[in-house]
Structure formats: structure tokens, C-alpha cells
Amino acid sequence: MAKLTTLLFDVDGTLAETEEIHRKSFNSAFKAAGLSWVWSQATYGELLAVTGGKERIRHYIDKYSPDFKAEGNLAETIASLHATKTEHYTSTVRAGALPLRNGVRQLIHEARASGLRLGIATTTTPANVSVLLQKSLSADAESWFEVIAAGGVVPVKKPAPDIYHYAMEKMGVSPEECLALEDSENGLLSARGAGLKTIITVSQYTAGQDFSDAALVVDQFGEPDDPATAIKGSLGGSNIVNIELMHKLMAS
């Protein structure tokens, strides 16, 4: 029987509803560079199928602005735009404008108290992870996670399983003892590709995606006064996603 020892968290959409701040930060970067590009919610929802900020910009250029001529090297221009975007994002989060999703804080504290090991597996930039953990969870929250696998530490991003393989290798754990927590189809494909059972907490931009291969799909992790609702699977008589439920999922 599999025994749960480790939780591996995605970040964007899972720990917090970050994507609107990301979208607005992209638009601020474009404006600062004198570009007329504006990513609407509809456009951004489509672009989220492409993981990685720099990759998203390149995809946008290829599809929506193929006549764009960079001043110099295109890759360097994209990197510069993305760096500016990251500055806008981290500044916004540092100002305290991004609460954690319901149930996240309680779940992480319960996991730590129960002795579970914690890791992060995300495609977002390391600076984005740091500022979110520090400002929205705790000033020392980065130290709570044994590995923060983020950004370009692997050459191929989600939906490839590489980031999960990397995190598990760094922690010295096997898929049979890990549970992934994700919010998107790309995240689910990545986690399942690495052999991980996965809980999906549906976020603003991921409703309607295919989560048929998830162990459990909920609208949120939930809190006693704001309970979770199971979209796929069962909460097992609970009204929140907690560690007891996770152990049951691993044993099923």
C-alpha cells in the first residue's frame, strides 16, 4: 500500500489566483516598451495553454503579431519584456495584493504539523514564487519547502513531466509516495506523466478543462466556514481537503 510522505504544489492558480496579476503585468510591460499589445482575458485564457512567460510572448508574436520586428535579437527582446513583466508582478504582490486561495494556509500548516515533506513544482519564475510565499504565507515560508523547482530548471516545461521528475529527484522520493496539487490540465498532464496521483483545485482560468485523470477535483481546498465542493471524486464525508483525505486517496 502506498504511503503518503510528500506533497508537491503547483503555484499559479493553485496557491493563489495569480493569473490576473500576471496578465496585467504583461500588459504593463508591453506598454512600457511602447508596444500596442493588450492581452484581454479571452486572449490570455488561450495563451495559458502555452506554459512559461517567455514562451507565451513568443507564441503571441507568432500567432497575433507575425510582422513584429524586434530591435536586435528577438530572444533578447522577449527576455527583456519578460523581465519587466516580472518586476511589475513582484511589485504588485509585494504590496500585499494577492491572498492565498481558501484552505491553502490551513492545508500547508497541517501538512507540516503531520510531518509531510513539501516541495514546489512550477513553471513560473523563481522570483514570483519567492514573493508570493514571503508576502502571502510567511516571511520564512520558502524554507518550509525542501525544493522549489521553478522557471527554467528543466528544458521542457509542463505539460511535460520533467519538473516533477526534477523535484522528486532532488528530494529523493518516488511517485508512489507523492501527491501533486494542481489547478490546470497542463499541470495534471505533467504530474500524471511523472506517475503522481493528483488533486485539482479548479481556478479562474481552468474551469472546463479535462481533469478526467485526476484523483479528485474540487472548487477549492476549503475552510470550515467556506467548504469545498467535489467536482469529481469524493471528499469522503469531509467538507475540506485535509491530510486525512489525502492519505485515503493515496491508499485507494
Side-chain angles (χ1 to χ4, degrees), residues 9-66 68 70-71 74-105 120-137 141-142 148 150-152 157-159 181-187 200-209 219-221:
F9 287 87
D10 173 53
V11 174
D12 290 325
T14 300
L15 297 185
E17 287 281 13
T18 59
E19 296 298 359
E20 268 300 276
I21 297 179
H22 281 299
R23 182 182 71 85
K24 293 175 181 178
S25 297
F26 276 113
N27 287 336
S28 294
F30 301 152
K31 183 177 181 180
L35 297 170
S36 60
W37 304 341
V38 177
W39 289 359
S40 66
Q41 288 185 339
T43 298
Y44 192 63
E46 177 188 330
L47 291 171
L48 283 174
V50 179
T51 53
K54 292 188 286 291
E55 293 85 351
R56 206 165 287 151
I57 296 171
R58 183 177 287 275
H59 177 80
Y60 177 81
I61 292 171
D62 291 342
K63 183 170 182 178
Y64 293 101
S65 190
F68 172 70
E71 294 183 4
L74 178 60
E76 291 176 357
T77 298
I78 290 173
S80 178
L81 286 170
H82 188 254
T84 302
K85 174 261 173 183
T86 298
E87 291 174 4
H88 282 283
Y89 177 88
T90 54
S91 177
T92 301
V93 176
R94 194 172 291 112
L98 188 58
L100 297 173
R101 292 189 64 187
N102 284 349
V104 168
R105 185 184 305 277
I120 283 176
T122 179
T123 60
T124 200
T125 304
N128 295 342
V129 181
S130 295
V131 71
L132 175 65
L133 294 178
Q134 291 169 10
K135 295 299 297 184
S136 300
L137 187 56
E142 286 173 280
I148 297 179
K157 297 182 178 180
K158 298 176 185 178
L181 297 102
E182 282 278 357
D183 77 302
S184 70
E185 183 177 355
N186 276 340
I200 293 289
T201 173
V202 177
S203 63
Q204 177 182 359
Y205 278 96
T206 65
Q209 294 183 0
D219 63 338
Q220 59 177 338
F221 293 130

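Worth saying up front: this structure is predicted, and the values here are computed from it rather than measured.
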Chi angles and distances behind the side-chain contact (heavy atoms from CB on, under 4.5 Å) call for Thr122, Thr14: CA-CA 10 Å; Thr122 179; Thr14 300; over 6 Å; no
Trace of the side-chain contact (heavy atoms from CB on, under 4.5 Å) decision for Leu181 with Phe221: CA-CA 10 Å; Leu181 297 102; Phe221 293 130; 3.6 Å; yes
Stepwise side-chain contact (heavy atoms from CB on, under 4.5 Å) test for Asn128 and Val11: CA-CA 9 Å; Asn128 295 342; Val11 174; over 6 Å; no
Verdict with reasoning, Tyr89 to Thr124, per side-chain contact (heavy atoms from CB on, under 4.5 Å): CA-CA 11 Å; Tyr89 177 88; Thr124 200; 5.9 Å; no
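Side-chain atoms of Arg94 never come within 3.5 Å of backbone atoms of Val131 as a donor-acceptor pair (strictly under, hydrogens ignored). Under a 3.5 Å cut-off, the side chain of Glu185 and the backbone N or O of Gln209 do not form any donor-acceptor pair. Looking at Thr206, its side chain never comes within 3.5 Å of a backbone N or O of Val202 through a donor-acceptor pair. Distance alone, capped at 3.5 Å, places no donor-acceptor pair between the Lys135 side chain and the Leu98 backbone.
Here the OG atom belonging to Ser91 is positioned 10.5 Å from the CD1 atom belonging to Ile21, to the nearest 0.5 angstrom. For the atom pair Leu74 CG and Phe68 CZ, the distance stands at 6.5 Å (nearest 0.5 Å). Interatomic distance, CG of Leu15 versus CG of Leu137, reported as 8.0 Å (0.5 Å rounding). One distance of note links CD of Gln41 with CD of Glu19; it measures 11.5 Å at 0.5 Å rounding. In this structure, CG on Asp12 lies 3.5 Å from NE2 on His22, to the nearest 0.5 angstrom. Taken from CG in Leu81 to OG1 in Thr86, the straight-line distance is 11.0 Å, to the nearest 0.5 Å.
With no hydrogens or angles considered, no side-chain donor-acceptor pair links Glu71 and Thr77 at under 3.5 Å. A donor-acceptor pair shorter than 3.5 Å cannot be found between the side chains of His88 and Lys24. Checked by atom type, the side-chain pair Thr51/Asn186 shows no donor-acceptor distance below 3.5 Å. No donor-acceptor contact under 3.5 angstrom links the side chains of Tyr44 and Glu20, judged on distance only.
Here the shortest heavy-atom pairing between Asp10 and Lys158 reads OD1-NZ, 3.1 Å. Taking all atoms of both residues into account, the shortest heavy-atom contact from Lys54 to Ile78 is O-CG2, 3.6 Å. Listed here is the closest heavy atom pair of Ala29 and Lys85: CB-N, 3.6 Å. What you find for Gly13 and Thr18 is that their closest heavy atoms are N-OG1, 3.6 Å. Between Ala16 and Pro99 the shortest heavy-atom distance is CB-O, 3.5 Å.
For Phe30 and Trp39, the ring centers are positioned less than 6.0 Å apart.
Applying the side-chain contact (heavy atoms from CB on, under 4.5 Å) test between Tyr205 and each of Arg23, Glu17, Glu46 identifies Arg23 as the sole match.
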